[in-house]
Every structure is written in structure tokens, then in C-alpha cells.
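We name chains A, B, ... by the order of the sequence lines, and we start the count at 1 in each one. Just the heavy atoms: all of them, side chains too, but no hydrogens, waters or symmetry mates, feed the values below. On a predicted model such as this, the values are computed, not experimentally measured, just so you know.
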Amino acid sequence: MADPFDLSGLEPPTESAPSAGPKAAPAYLSRLNEAQRAAVEATEGPLLVLAGAGTGKTRVLTTRLAHILRLRLAWPSQILAVTFTNRAAREMQSRVAALIGEAVDGLWLGTFHSNGVRILRRHAELVGLRPSFTILDVDDQLRLMKQVLGAANIDEKRWPARALAAQIDRWKDRGLAPGRVGTAQAGDFADGRAVALYAAYQERLRTLNAADFGDLLLHCLTIFTDNPDVLSDYQQRFKYILVDEYQDTNVSQYLWLRLLAQGHKNLCCVGDDDQSIYGWRGAEVGNILRFEKDFPGASVIRLERNYRSTPNILGTASGLIAHNEGRLGKTLWTEGEDGQKVTIHGVWDGEEEARVVGEEIESLQRQGHALAEMAILVRAGFQTREFEDRFLTLGIPHRVIGGVGFYERREIRDAIAYLRVIHQDDDDLAFERIVNVPKRGIGQATVKTLHELARAQGISLLAAAHALVGTDELRPQSRGALRGLLDCFDRWRTAAADLPLADVIELVLEESGYTEMLQNDRAPDSPGRLDNLKELVAAAEELETLTAFLEHVSLIMDNDRAAGGDAVNLVTLHSAKGLEFDSVFLPGWEEGLFPHQRALDEGGAKALEEERRLAYVGITRARQRIRISYAASRRLFTGWQSNIPSRFVDELPAKHVENVSEPGLYGAQGVGLEDSGAEFIVQRPAFGPRRGRYARHAASNGFDAEAHTGQHPTQAKPSGSYTRGMRIFHQKFGYGRIVAVEDNRLEIAFDKAGTKKVIDSFVAPA
DNA sequence: TAGGGAATATTTTTT
DNA sequence: ATATTCCCTA
């Protein structure tokens, strides 16, 4: 390789940038076509690269990054490169390393969220957090949401926590802190009380020293807006900013970028409006359409030559996407043999679909095709199941990319919760998760007591537990168990300071009784869970500190270790973006499933176009061959559902496709459904909104944010105001007289209940 | 407090 | 079909 750039790990010596040295045109540039090369070389000023599927977008991005380093226009630490997924970030990292000849350290290369956390950790105190804040996962978020709803006395049946969480996420997507939500956007959740709930939720997060995913960016925005000096630092720092998948950015990400780019204005965004598939998550295609307006003087470069797919495949994709309106419009072209036509297969049911796909895969394999070059792309996660079952019986190796992630499994989350408490003892959500897992006799009554005390004194659950074990407040049995647990945590915390992380985890699993619990569990999946825990320990060996490990867990939720031998890939269409395979199977092309009924119901025409783009993404993943299929009927929960072929099937250009459906199903064109007889219960999509039926139960529960956020409403007296001899009243034990005071612990001789030790906030002056 | 059994929801898509 | 939640009893 040419000149190793020797930039690794260098920090800029304050102001002076590395000087651009004259160099011969490097070899990597000659491997690009004209448009690609232009996109790489236009390093200065705002640039939008409209890159169709398979046009070498990633290559441009990585080459550009390497080029900037090569010309010494900036140090690695002055380059911000943002991707959408961790996978893309890793890929970019390794490809840049390949171009440069060695690993490049110090780049700000990662997802929006990981770059966001990095900034947020440095300035956490500016938004009322400590730098060690916890990143909540979806479970925690929901649990917290339920608590907030509970505190506000809102009927969770009628206003599900999920719905509130979704609403809040959407606000955060748009960069709206609670104070910024206008009445127009207040939504109708709980009769308009959602904003107050949002505020309460944020307040709870702050007390817990925690942030949810949306906060990672939202807090950055707040910091930038409120602290011009901080913002200015970053604006100076980031000489070059590169953004992948720009069409999928939401408002909050857009604002984040725009603020950061104001310094040097060297912002390069790569995207494809036809691949915008995250509208439901707040992504705004508008961002890409508006780029030239937002960044005056921006250049636009189009990449239209496709290097991936055969003309038949590309023609199919183009023909389909042409049904969308409001596109920027690109004309993709490719060279080479037409290749096979895209085949369309109608089948009887999902089982047959899986069987036939399985046969085809085996046949391809016999012809010498690698399994890893085949993928089944599904609309919804549950669709992988039928294929998994089938492959299991056929013995076809396969992997599910982006399914139920490793870190989302229950046993892993439990283990993590233990670690979180060790790491940060006021992580109430983690503590609550594991106080009684495995069962140790600490039931909800005990937890409730802990909560009361914690809230009354504004302390953490763990602190409340510490306080309570010294009293008679709890049942002796519970108290003993709790004390045991607290001792364990003390011990583990010490251990965590000395032992390697992996050893700590093993110790915790052992001493907490978690391993034992699983060993005694007769459930068929217990051995698997134990294996998973072993894997967790193994994963921990790769990271130094508990802090790093927990961060890894919360941000790198993907388990798509794309490696792992020769296996068929099972992927959702959403997580397939950015991947490519020789052979692609697209099952489940039925109305209601794809396009998905729920998308149609909630998003109307706009959502239909997004579904179509999803189909476009699916088709353009393939290099050589595509097999699309639809089933006449599908198992749904307990019953069956009859389906008609997706409208997308009809939209495929006849020239490039071939319908090889079995005769007698729907007929070759995919028209009219033959009534299939009595054994089928025709069930219209069961996914419709189900809110309406509670409509009249519209009680008004005057929710008052203060009642929840203002700390300790009615609690007795501040610590220290009780003295010996005072008469008091206790909820459970009745009247009594204080015989001793020790900090906030009172020893009380009760009239009826004898002498007990009690925390002062549980009593009131008589 | 735990465990059983009934009732109930679950299936979009993800950082 | 399966997972979660709720309610009851021991």
C-alpha cells in the first residue's frame, strides 16, 4: 500500500491543522466513476449526494473520509461521520481502515445516538444529569411510563402506557422538549394531559439520572441552544461532517446536524429519497428535499449507475417505485446481461411458502451457491418463524438478523439489571427489576413500602432498603431477605473494583442465586438461557470496565454478527437496508401484510408510498435473482385469514417478471380470489385501532403535574424534628411514644404493638 | 407471598 | 399459540 497516513490516535495540537501536502492522485480515486469521484473530491462546502440503490454510496462515503485524512485536511478527531445503524458504522470503520492501510482511531464515527451520548456525557450537568447517567431500554421506559400514569391516576386500560410512550417519542423525534410542545401538537392522549405527563416523565428521568433514547439527541439540542460556547466548541471541532442515509433523519437529528455544521459548513449528506422507510419513526423525507435551501450554495451530485443488480431486477424496482409521486426522481441504469426474470409465486398457505422456499434454497445450494448469499426479506418479524421451523427440519443453517436481540432476552436483562445497580445504586428501575428475581420473599407489599419511603425522603429504593432493614417496618422474613441482598450488593461492588468484569458477572450470577434458579427450572428453554448467560460473560471479556460494558449493551443492541458461517439470512425489510445478496426471497406479498394494514390505517396514502419504498428496498437488495411469493391464507393467532395478493404484485412491470403461480390459486394475473370454502374463517385484519370502545368512560381525573413532580407532598416532618417522649401515630402500629431517636430512625413504644424501630417519615405527630 | 388458573392482548417496522 | 396480567387461594 502507498503511504500509511500515520494519523492514528493523534489529537490536533490545539489550533494548527495538518497541512495539505501535494501528493500524486491516489489509486483509490481511479477506482471510482466520474460522479463518485466528484463526490469524493468536493470536500469543501455543503454537498448532497443523491445515491440510488447499489450505486456505490458506501464506497463514496468511505473513500471521501479516507481522502480527507489522506490530504490531511483534518485530524480524525475533527471528522464526524454519522450512520444510522451500528452495523453501518462498523462497516465504514473497517473500510476506511482498509483504504488507509491501518485502523484509524479518534474518529467521531457512529450512529446519531452513539455520537449523541458521547457529547451528552461530557456536558450532562447542563441538563441536570450526572455524567454516569443510565440509558433506559424500552422495557424501562415503559415501566416508568406506567408509574407516571399511575401517579397521575390515569386508567391504564383506557390510555395505555405504550401509546403515551409513542407520543413522547414522536415529540422527541421532532426535537420538542415538554415546554416546547405547542397546543396544536398536544395530541389527544388522556384528554390532552399528555404534555403534563411528558413533563412528569422527564422529571422522573432526571431523578433517576437516566435518559431514554430520544433524550440522547434532545438533550444535546438543549445543551447547544442554551450554551453557545459549548456549541461553538463543537462547531470549530468538526471540520468535516459526513452523514449516511440522510433520507431517514428526523427533525431532531436534522437540527443536531445543522447546528454542528454551522462552523465549517463542510457537510456531506448521502441519501436516496426512494429508500426513505422510517417515516413512522419521525423521519422527514423533507430533509433531503430541502437540503439546497437549508445549506445555501450546496452542490448536488447524483449517482445513477447501479453496480449491483441485473437489468431485470433494476427494471422491476424502477417500475414499482414509479408508482410513487413526490420523488426527486433518478434514472438508474446498469450494464450487463438481463439476467433472470423476477419470479412470482402464489401458494396456498404460509407453510407451503416456507416449504417451497426451502426447496429452492437447497436447489441453489446444490448448484454451488453459498447460503450466506441468500436472504429472506420479510415485512414483519414474526414472519421469520415459519421459515425457521422449516429450516430446522431441513437442517438448513440460518440466522435471524435483528430479531429479538441478544440483549433483549429476559435473563440477559436481569443480569444487566444487577450490574446496573452495582454501577449506579440509585438505578431504581434496575433495582426493582431484580429485588425479587430469583424469588427471595420480597413481594409487592415490601416493594411498596420501599417506594413510599423513597418518595417521602427523595432517596433511591436501595437507600430506602438500607434504611428499612434497620427497623421493624418490614416483616422479619422480608427484612432478612432484603438485608441479605444488600450485603451481596456491597460485596459485589467491592468485587467490581478489583476483579475483571467477566468474573464479576459470574460471581453475581452465582451468589444471587440466578444460576441456581435456572438450573432448577424445568422449563425447556432454561438450558438455553444458561448458555446465553455464559455468552454474556464471554462478551464481557472484551470490555474493560463496567461503564463501557453497560454503554455497549444499551447502544449496540444489534446482534447481527453478520459473520457466523454459511447460513441463510432471515431479515426484516427495514433492517435489510444497506445489505445485498445474490438471491433474495420476498415472501408475504399480500394485502394487509404488505402493504401492512396498520400502516394503511394510520398513515393513509403517505404510508402506502412508504410501504412501496420498502418493497423497492427489498427488490434492490438482490444482485442475481428474486423470488416473490404470496399466500392465499395464513394462520393468524388461533384462526385463519384469507388474503389477496399485494397490489404491489400488480404494479411490477410485466416485462421483467414472470408469474409461475400454481394454476387454480388465483389465476396467473393475481386477480380475484377464489372462495376457498367453508373451513376458512375470513377475518379482516385484526389490527385496527381499538380505542373507540372505551369512549364514554371519559372521566376527568384532574391530573396535576405538581402532585407528582413536586417531591414529597404530604409527608410528616423533616428529619430531626422528632424528640424523645413525643406522642406519634403510625399507620400500621397505631399510637405510641418515642423512646429513642437516632438520626431519622425512631424507637417507639407503641400502645398496642410493642416497641419497634421505625423511620420517621412513616409516623405523624399524634 | 407464591403459585395456579383464567382472562387478555399480541403482530409492523428500530436507534 | 404464547406471553403477560389479574385475581384468587393456600
Side-chain angles (χ1 to χ4, degrees), chain A residues 82-89 110-117 135-139 141-142 146 156-157 160 162 166 169 172-173 211-217 245 248-250 252-253 276-283 377-386 389 401-405 407-408 410 435-436 438-448 474-475 477-478 481 523 525 554-560 571-577 588 592-603 607 610-611 613-615 617-618 634-641 685-688 690:
Chain A
V82 192
T83 61
F84 221 64
T85 63
N86 293 298
R87 185 180 62 216
T111 60
F112 276 102
H113 293 90
S114 62
N115 283 311
V117 195
I135 302 169
L136 294 195
D137 61 37
V138 185
D139 273 8
Q141 201 187 350
L142 219 53
K146 284 180 183 167
E156 239 213 84
K157 283 272 155 46
R162 296 184 79 92
D169 281 345
K172 290 187 175 176
D173 287 341
D212 68 15
F213 260 81
D215 285 340
L216 301 182
L217 288 169
E245 311 281 15
D248 285 328
T249 50
N250 60 34
S252 157
Q253 292 162 335
S276 158
I277 54 176
Y278 285 100
W280 52 273
R281 205 173 74 180
L377 274 33
V378 295
R379 172 69 241 267
F382 74 93
Q383 288 176 267
T384 60
R385 210 178 142 173
E386 231 148 2
D389 288 350
I401 300 184
V404 184
Y407 291 113
E408 288 162 56
R410 183 158 29 107
V435 239
N436 203 28
K439 298 225 186 307
R440 38 175 83 92
I442 303 173
Q444 51 189 41
T446 307
V447 173
K448 188 157 169 273
L474 301 171
R475 290 174 39 211
Q477 197 187 353
S478 309
D525 53 355
S554 32
L555 286 178
I556 320 292
M557 293 286 268
D558 59 2
N559 61 333
D560 49 27
V571 201
T572 63
L573 285 161
H574 282 89
S575 40
K577 196 165 61 166
L593 180 57
F594 191 36
H596 200 281
Q597 189 60 45
R598 187 127 159 202
L600 262 28
D601 289 346
E602 288 172 12
E610 183 155 308
E611 295 283 298
R613 289 193 291 270
L614 205 46
V617 167
R634 232 169 245 287
R635 246 204 145 92
L636 178 81
F637 303 130
T638 150
W640 288 81
Q641 178 176 329
F687 306 123
R690 289 176 201 174

Which part of the nucleic acid does [X] contact within heavy-atom distance under 4.0 Å: base, sugar-phosphate only, or nothing?
X: A/Phe84; value: sugar-phosphate
X: A/Glu610; value: nothing
X: A/Tyr278; value: sugar-phosphate
X: A/Arg475; value: sugar-phosphate
X: A/Gly214; value: nothing

Next item on the list: Please confirm whether A/His596 and A/Trp280 have ring centers closer than 6.0 angstrom.
Entry: no
Rounded to whole Å, how long is the line connecting atom [atom1] of [X] with atom [atom2] of [N]?
X: A/Asn250; N: B/dT14; atom1: CG; atom2: P; answer: 16 Å
X: A/Trp640; N: C/dA1; atom1: CH2; atom2: P; answer: 11 Å
X: A/Leu216; N: B/dT15; atom1: CG; atom2: P; answer: 13 Å
X: A/Gln444; N: B/dA2; atom1: CD; atom2: P; answer: 9 Å
X: A/His596; N: B/dT11; atom1: NE2; atom2: P; answer: 10 Å
X: A/Phe594; N: B/dT13; atom1: CZ; atom2: C1'; answer: 11 Å
X: A/Arg410; N: C/dT2; atom1: CZ; atom2: C1'; answer: 13 Å
X: A/Glu602; N: B/dT13; atom1: CD; atom2: P; answer: 13 Å

Candidates [options] - which lies nearest the side chain of [X]:
X: A/Arg385; options: B/dT1, C/dT2, B/dT13; answer: C/dT2
X: A/Thr85; options: B/dT13, B/dA2, B/dT15; answer: B/dT15
X: A/Arg162; options: B/dT11, B/dT13, B/dT15; answer: B/dT11
X: A/Ser478; options: B/dT13, B/dT15, B/dT1; answer: B/dT1
X: A/Thr446; options: B/dT14, B/dT1, B/dA2; answer: B/dT1
X: A/Trp280; options: B/dA2, B/dT14, B/dT1; answer: B/dT14
X: A/Phe382; options: B/dA2, B/dT15, B/dT11; answer: B/dT11
X: A/Thr111; options: B/dT15, B/dT1, B/dA2; answer: B/dT15
X: A/Lys146; options: B/dT15, C/dT5, B/dT1; answer: C/dT5
X: A/Ser575; options: B/dT15, C/dT2, B/dT14; answer: B/dT14

Note to self: It should be established whether A/Ser114 places a side-chain nitrogen or oxygen under 4.0 Å from OP1 or OP2 of nucleotide B/dT15.
What the structure shows: no
Check: Does a side-chain N or O from A/Asn115 land closer than 4.0 Å to OP1 or OP2 of B/dT15, or not?
Finding: no
Is a donor on one side and an acceptor on the other found under 3.5 Å between the side chain of [X] and the backbone of [Y]?
X: A/Arg634; Y: A/Leu593; answer: no
X: A/Glu386; Y: A/Gln383; answer: no
X: A/Arg379; Y: A/Leu573; answer: no
X: A/Asp212; Y: A/Leu136; answer: no
X: A/Asp137; Y: A/Glu408; answer: no

Next item on the list: Might you work through the side chain to side chain contact (heavy atoms under 4.5 Å, CB included) test for A/Val117 and A/Phe213, ending with a clear yes or no?
Entry: CA-CA 9 Å; A/Val117 195; A/Phe213 260 81; over 6 Å; no
Notebook entry, point to check: Can you find a donor-acceptor N/O pair under 3.5 angstrom joining the side chain of A/Arg281 to the base of B/dT13?
Noted result: no
Check: If you find the nucleotide of DNA chain B closest to A/Ile277 and the one closest to A/Ala445, which residue's nucleotide is nearer the 5' end?
Finding: A/Ala445
